A.B. asks: 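Structure incoming, see below.
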Amino acid sequence: MKILLTGSAGFIGTAIGHALEADDDEVVRVDLMLPQAHGEGAAPGGTHQLDVRDAVADPAGVWSGLLDGVDAVCHQAAVVGAGVTVADLPAYASHNDLGTAALLAAMHDADVHRLVVASSMVVYGEGRYTCEVHGDQVPPPRAVAALDDGDFENHCPHCDATLGWSLVDESARLDPRSSYAASKLAQEHYTSAWVRQADASAIALRYHNVYGPGMPRDTPYSGVAAMFRSSLERGEAPRVYEDGAQMRDFVHVSDVARANVLALRSVVGEGPGRFAAYNVASGHPVSILDVAERVAQGTGTSADQQVAPEVTGGYRLGDVRHIVASPERARVDLGFQAEILPDVGLPAFATVPLRA
């Protein structure tokens, strides 16, 4: 296959590029090299430093030339992170929403009608919750007063019992609760509209918490596992919000890359008119406190010398309590199953090379 890969110099994009080339696919690399993600470094060799927002306004024919002969586009370029303030909204809308729309229009002009787009678990908002008495429930946003009192759980609106978490599948409600989440859902909506209008096919991969070698260190693009590791390297206790019992799914970047390769092969090999979304997850949920403890275990220090995580009781507005995915649809349709599970990958993460 010949694949145009946007966001190719990023954490996940780099891993996807390597995985494609290991399968003897041709990769056309594109990355804007945003300073907040990459610092001030130059683009890696072979990378076209371009802005996807310019793809449709292309008087020099740069994008049409790059798209020539491409079998599919793997669209990873995005501004990520939760969005700290309302002032961040235009950046998410511009890079993620407008960028995706411009790319889709340019693809149509170039007669390229196969796409894999990076989405995220954040499109779900809160996960799936069940009351033992009243069944499935959709909790409202957690009240600030309850969070201040240290009550971090969601409660049944009928009996006030603590709701238990269940696995979220791709048919779950979509309820984005941050500017980043809203932009990822918009990317999915633009893609599904393009599929219908352009007689195309596309797959959206809803990544859960991705970690592994090459992850950014101490930037707005860092994940919680990288932040825990950085604290340990400074000799400080990893700071865990709430009570540490928040449940998540952590998936290794090599598994995410392999999911993209499988999705690209699927979408290139099928007929037009299909849009599907898939969870990309390990299928092995862990609590945030467990994440901190497992990263600490991988530092090589003895148990009595390890810096214990600090459970702060603090919280961040907009955070969800639990979000844990079912990867079953990806297993059945794409043949994807995670190979590096958290009990192995998280301790190993303590010593893998990160990106400055």
Side-chain angles (χ1 to χ4, degrees), residues 1-10 12-14 16-17 20-21 25-34 37-38 43-44 46-80 90-120 180 182-205 207 260-261 263-277:
M1 297 185 299
K2 182 178 180 180
I3 304 299
L4 188 144
L5 173 61
T6 72
S8 61
I12 295 173
T14 296
I16 294 170
L20 286 166
E21 289 181 335
D25 295 309
E26 181 181 353
V27 182
V28 180
R29 288 175 164 83
V30 175
D31 201 297
L32 179 57
M33 301 299 295
L34 281 171
H38 301 284
T47 301
H48 302 272
Q49 191 167 348
L50 297 169
D51 192 327
V52 292
R53 294 173 295 182
D54 296 334
V56 72
D58 185 31
V62 175
W63 278 96
S64 59
L66 294 179
L67 286 163
D68 187 36
V70 162
D71 295 299
V73 170
C74 186
H75 183 34
Q76 306 294 314
V79 173
V80 303
Y92 286 101
S94 178
H95 287 281
N96 298 359
D97 302 359
L98 175 59
T100 298
L103 178 62
L104 293 171
M107 289 173 62
H108 182 62
D109 288 345
D111 199 28
V112 178
H113 292 120
R114 299 293 183 270
L115 175 73
V116 171
V117 60
S119 187
S120 171
Y180 171 62
S183 73
K184 297 310 287 185
L185 183 54
Q187 286 184 294
E188 288 197 23
H189 286 165
Y190 279 118
T191 299
S192 64
W194 170 79
V195 164
R196 292 190 297 273
Q197 294 171 349
D199 202 25
S201 287
I203 288 174
L205 297 179
Y207 303 153
N260 274 273
V261 174
L264 286 162
R265 302 216 182 287
S266 176
V267 80
V268 167
E270 68 186 19
R274 175 173 176 258
F275 173 74

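Quick caveat: nothing in here was measured; it's all calculated off a predicted structure.
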A.B. asks: Measuring from T100:OG1 to E188:CD, what's the distance to the nearest 0.5 Å?
C.D. replies: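 CD of E188 is found 10.5 Å from OG1 of T100.
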A.B. asks: What is the minimum heavy-atom distance between L67 and V112, and which atoms define it?
C.D. replies: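 Looks like O-CG2, 3.6 Å.
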A.B. asks: Can you tell me if N260 and Y207 form a side-chain donor-acceptor pair at under 3.5 Å?
C.D. replies: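 Present: a donor and an acceptor within the cut-off.
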A.B. asks: Would you mind listing every side-chain hydrogen bond (donor to acceptor under 3.5 Å, both in side chains) that reaches into residues 63-73, with sequence neighbours excluded?
C.D. replies: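 Counting only pairs at least two positions apart or across chains, no side-chain hydrogen bond (donor to acceptor under 3.5 Å, both in side chains) contact touches residues 63-73.
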A.B. asks: A91 and V79: which non-hydrogen atoms are nearest, and at how many Å?
C.D. replies: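 What the structure gives for the nearest pair is O-CG2, 4.4 Å.
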A.B. asks: Indicate yes or no: at least one non-hydrogen side-chain atom of L4 is less than 4.5 angstrom from one of H48.
C.D. replies: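 They are not in side-chain contact.
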A.B. asks: CG of L32 to OG1 of T6: how many Å apart, nearest 0.5 Å?
C.D. replies: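 L32 atom CG to T6 atom OG1 measures 10.5 Å (nearest 0.5 Å).
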A.B. asks: For residues S8 and T47, report the shortest heavy-atom separation together with the two atoms involved.
C.D. replies: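 Where S8 meets T47 most closely, the heavy atoms are OG-CG2, 3.8 Å.
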A.B. asks: First locate atom CZ of R29, then atom CD1 of I3, and finally report the distance between them rounded to the nearest 0.5 Å.
C.D. replies: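 That separation rounds to 12.0 Å.
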A.B. asks: Search all heavy atoms of V52 against all heavy atoms of G99 and return the closest pair with its distance.
C.D. replies: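 Minimum heavy-atom separation between V52 and G99: CG2-CA, 3.7 Å.
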A.B. asks: Between L115 and V267, does the side chain to side chain contact (heavy atoms under 4.5 Å, CB included) criterion hold? Intermediate values first, please.
C.D. replies: CA-CA 7 Å; L115 175 73; V267 80; over 6 Å; no
A.B. asks: Show your working on side chain to side chain contact (heavy atoms under 4.5 Å, CB included) between Q187 and S120 and close with a plain yes or no.
C.D. replies: CA-CA 10 Å; Q187 286 184 294; S120 171; over 6 Å; no
A.B. asks: What's the spacing between Y180 OH and L185 CG if we round to 0.5 Å?
C.D. replies: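 It is 12.0 Å, given to the nearest 0.5 Å.
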A.B. asks: Where do M107 and H113 land on the side chain to side chain contact (heavy atoms under 4.5 Å, CB included) test, with the steps shown first?
C.D. replies: CA-CA 7 Å; M107 289 173 62; H113 292 120; 5.9 Å; no
A.B. asks: List the atom of E270, the atom of S201, and the distance in Å for their closest heavy-atom pair.
C.D. replies: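 What the structure gives for the nearest pair is OE2-CB, 3.6 Å.
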A.B. asks: Enter the distance from E21:CD to I16:CD1 here, rounded to the nearest 0.5 Å.
C.D. replies: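 The CD1 atom of I16 is 12.5 Å from CD of E21, to the nearest 0.5 Å.
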A.B. asks: A side-chain contact here means heavy atoms from C-beta on lying under 4.5 Å apart; do L50 and L66 qualify?
C.D. replies: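 Yes, their side chains come closer than 4.5 Å.
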A.B. asks: For a quick test of reading the model, state the closest non-hydrogen atom pair linking G13 to L5 and the distance between them.
C.D. replies: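 So the minimum-distance heavy-atom pair works out to O-CD2, 3.4 Å.
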A.B. asks: Might you work through the side chain to side chain contact (heavy atoms under 4.5 Å, CB included) test for L20 and L264, ending with a clear yes or no?
C.D. replies: CA-CA 10 Å; L20 286 166; L264 286 162; 3.9 Å; yes
A.B. asks: Could you give the distance from CZ (R114) to CE (M1), rounded to the nearest 0.5 Å?
C.D. replies: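 Output value for this atom pair is 13.0 Å.
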